[in-house]
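Below: the structure, in structure tokens.
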Amino acid sequence: MSAKILDGRVIADELRAQVAVEAAQISAKLGRKPGLVAVLVGDDPASQAYVKSKGKATIDAGMASFEHRLPEGTSEQELLALIAKLNADDTVDGILVQLPLPGQIDTARVIEAIDPAKDVDGFHPMNAGRLATGLPSLVPGTPMGCIIMAKKAHASLAGLDAVVVGRSNIVGKPLAQLLIAESATVTVAHSKTKDLKEVCRRADLLCVAIGKTEFVKGDWIKPGATVIDVGINRVPGPDGKNKLVGDVAYEEAAKVAAWITPVPGGVGRMTVACLLVNTLRAAAARAGLEAPKI
Ligand code: NDP
């Protein structure tokens, strides 16, 4: 068997095109474009690249993008003061603080300071709690992207045995909540799970988000399963430059699975597109407009 590829480039492009249509409609109603602000502290090259690509995607979708770049030595108080200003600014619908933050800043405190209505990363405990209790919420982009991709392989996720490997607040836990909401039967595995291989082999839908290069092997996968690989790991390539690989041994897994996401070009592509979806949802909800149809 050779798995069909869930192509994040294609699926994300479709989503971004839908966002652009909805953004134009919402802009007409608001009399301004929905606005997303990215806050970057320090000069980590990977974070700079992420913020740049998010800004470009926001503008390409017909929304307004603002950036605040603060020096590495910024204090927590200074960052909290900026967030308070952005919370009060009516032209700002979404606030994202690029992680990781420098060590002098308490990340949890910063996340909690963001107005939950503008929390387009979906990391605020209010949004996490609303997701867990089945209330409308802003959902983190990466797990939202995983669900959209899984639904390209399965018309419905109801009743599927879904295994999520990884229990972080930004991927594993919200993904498990979204799968429960889709009526999948969900198992969450982590570093203390016994016999992880056998747990994975039960999965009709296997989602892996652990940050360990090609950790999940081909014989961990149930024949015909759908595999969603969230991992992004940098390893030296044959040309000496770093290349990206996932948490799943792709070549082996693709021989066993029915559907698989590649790395790069898989879930990573979805995350930014879903951030744009959240910005639209936040803009509509804040203005009391009907929720966008995506
Ligand atoms: P974290 O480091 O926050 O969490 C990793 C999770 O994996 C933990 O729950 C940990 O378990 C679990 N884990 C680690 N080692 C093992 C193991 N040997 N067996 C089973 N479980 C294990 O990572 P994130 O959730 O932030 O990210 C995970 C991966 O996804 C990374 O590669 C990251 O780069 C990528 N990522 C990709 C995104 C995208 O856009 N595609 C966005 C966000 C992340 P425990 O809790 O027991 O320690």
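The figures here come from the full heavy-atom set of this structure, side chains too, leaving out hydrogens, waters and symmetry mates. Along the sequence shown, the residues carry numbers beginning at 1. All ligand and atom numbering here is 1-based and tracks the order in the structure. Remember, it's a predicted structure, so these values are computed and weren't measured experimentally.
- For ligand 1 and Ile170, the ligand atoms under 4.0 Å from any heavy atom of the residue are 26 (O).
- Under the 4.0 Å criterion applied to side-chain N and carboxylate O atoms, Arg286 and Asp90 are assigned as salt-bridge partners.
- With ligand atoms numbered from 1 in the order given, ligand 1 contributes 6 (C), 7 (O), 9 (O) to contacts under 4.0 Å with heavy atoms of Gly166.
- Between Lys85 and Asp89 there is no salt bridge, since none of the side-chain N atoms of the basic residue sits less than 4.0 Å from a carboxylate O of the acidic one.
- Salt bridge annotation for Arg69-Glu67: present, with a cationic side-chain nitrogen under 4.0 angstrom from a carboxylate oxygen.
- Scanning all protein heavy atoms for the shortest distance to atom 43 (C) of ligand 1 gives Val171 CG2, 3.8 Å.
- Of the options Gly172, Gly268, Ala209, Cys274, the smallest heavy-atom separation from atom 6 (C) of ligand 1 is shown by Ala209.
- Remark: ligand 1 and Asp247 share no N or O pair separated by less than 3.5 Å (distance only, no angle test).
- Closest to atom 20 (C) of ligand 1 by heavy atom, among Met270, Arg167, His190, Arg269, is His190.
- Ion pair Lys152/Glu14 flagged as a salt bridge, since at least one NZ, NE, NH1 or NH2 atom sits closer than 4.0 Å to an Asp/Glu carboxylate oxygen.
- Ile232 N, 4.2 Å is the protein heavy atom nearest to atom 33 (C) of ligand 1.
- Residue Leu175 is tested with Ile180, Val186, Val164 for a side chain to side chain contact (heavy atoms under 4.5 Å, CB included); the sole match is Val164.
- At the top of the distance list for atom 42 (C) of ligand 1, counting protein heavy atoms only, stands Thr142 OG1, 3.2 Å.
- In this structure, Ser137 contributes its side chain and Val139 its backbone to no donor-acceptor pair below 3.5 Å.
- If you check which protein heavy atom lies closest to atom 19 (N) of ligand 1, you get Leu196 CD2, 3.7 Å.
- Closest to atom 18 (N) of ligand 1 among all protein heavy atoms lies Phe215 CZ, 3.2 Å.
- Within a 4.0 Å radius of atom 2 (O) of ligand 1, the protein contributes no non-hydrogen atoms.
- For the 3.5 Å distance criterion, the side chains of Gln18 and Lys293 fail to qualify, holding no donor opposite an acceptor.
- The protein atom (non-hydrogen) at minimum distance from atom 47 (O) of ligand 1 is Ser191 OG, 2.5 Å.
- In this structure, the protein non-hydrogen atom closest to atom 15 (N) of ligand 1 is Lys212 NZ, 3.5 Å.
- Arg32 has a carboxylate O that lies under 4.0 Å from a charged side-chain N of Asp93, or vice versa, which qualifies the two as a salt bridge.
- Applying the 4.0 Å criterion to heavy atoms of Gly211 picks out, from ligand 1, the atoms 28 (C), 29 (C), 31 (C), 32 (O).
- Interface atoms of ligand 1 facing Thr271, defined by a heavy-atom separation under 4.0 Å, are 39 (C), 40 (O).
- For the atom pair CG of Asp119 and CD1 of Ile111, the computed distance is 8.0 Å after rounding to the nearest 0.5 Å.
- Partner of Asn233 under the side chain to side chain contact (heavy atoms under 4.5 Å, CB included) criterion, out of Ile210, Val245, Val263, Asn242: Val245 alone.
- In Ile210, the parts holding a heavy atom less than 4.0 Å from any atom of ligand 1 are both the side chain and the backbone.
- Using a cut-off of 4.0 Å between Lys/Arg side-chain N and Asp/Glu carboxylate O, Asp219 and Arg201 are scored as not salt-bridged.
- Close contacts of ligand 1 with Val230, meaning ligand atoms under 4.0 Å from a residue heavy atom, involve 30 (O), 35 (C), 36 (N), 37 (C), 41 (N).
- In terms of protein heavy-atom proximity, atom 24 (P) of ligand 1 is closest to Ser168 OG, 3.7 Å.
- Taking a 4.0 Å cut-off on heavy atoms, Thr193 fails to register as neighbouring ligand 1.
- Under 4.0 Å is where a charged nitrogen must lie from a carboxylate oxygen, and between Asp106 and Arg109 at least one such pair does.
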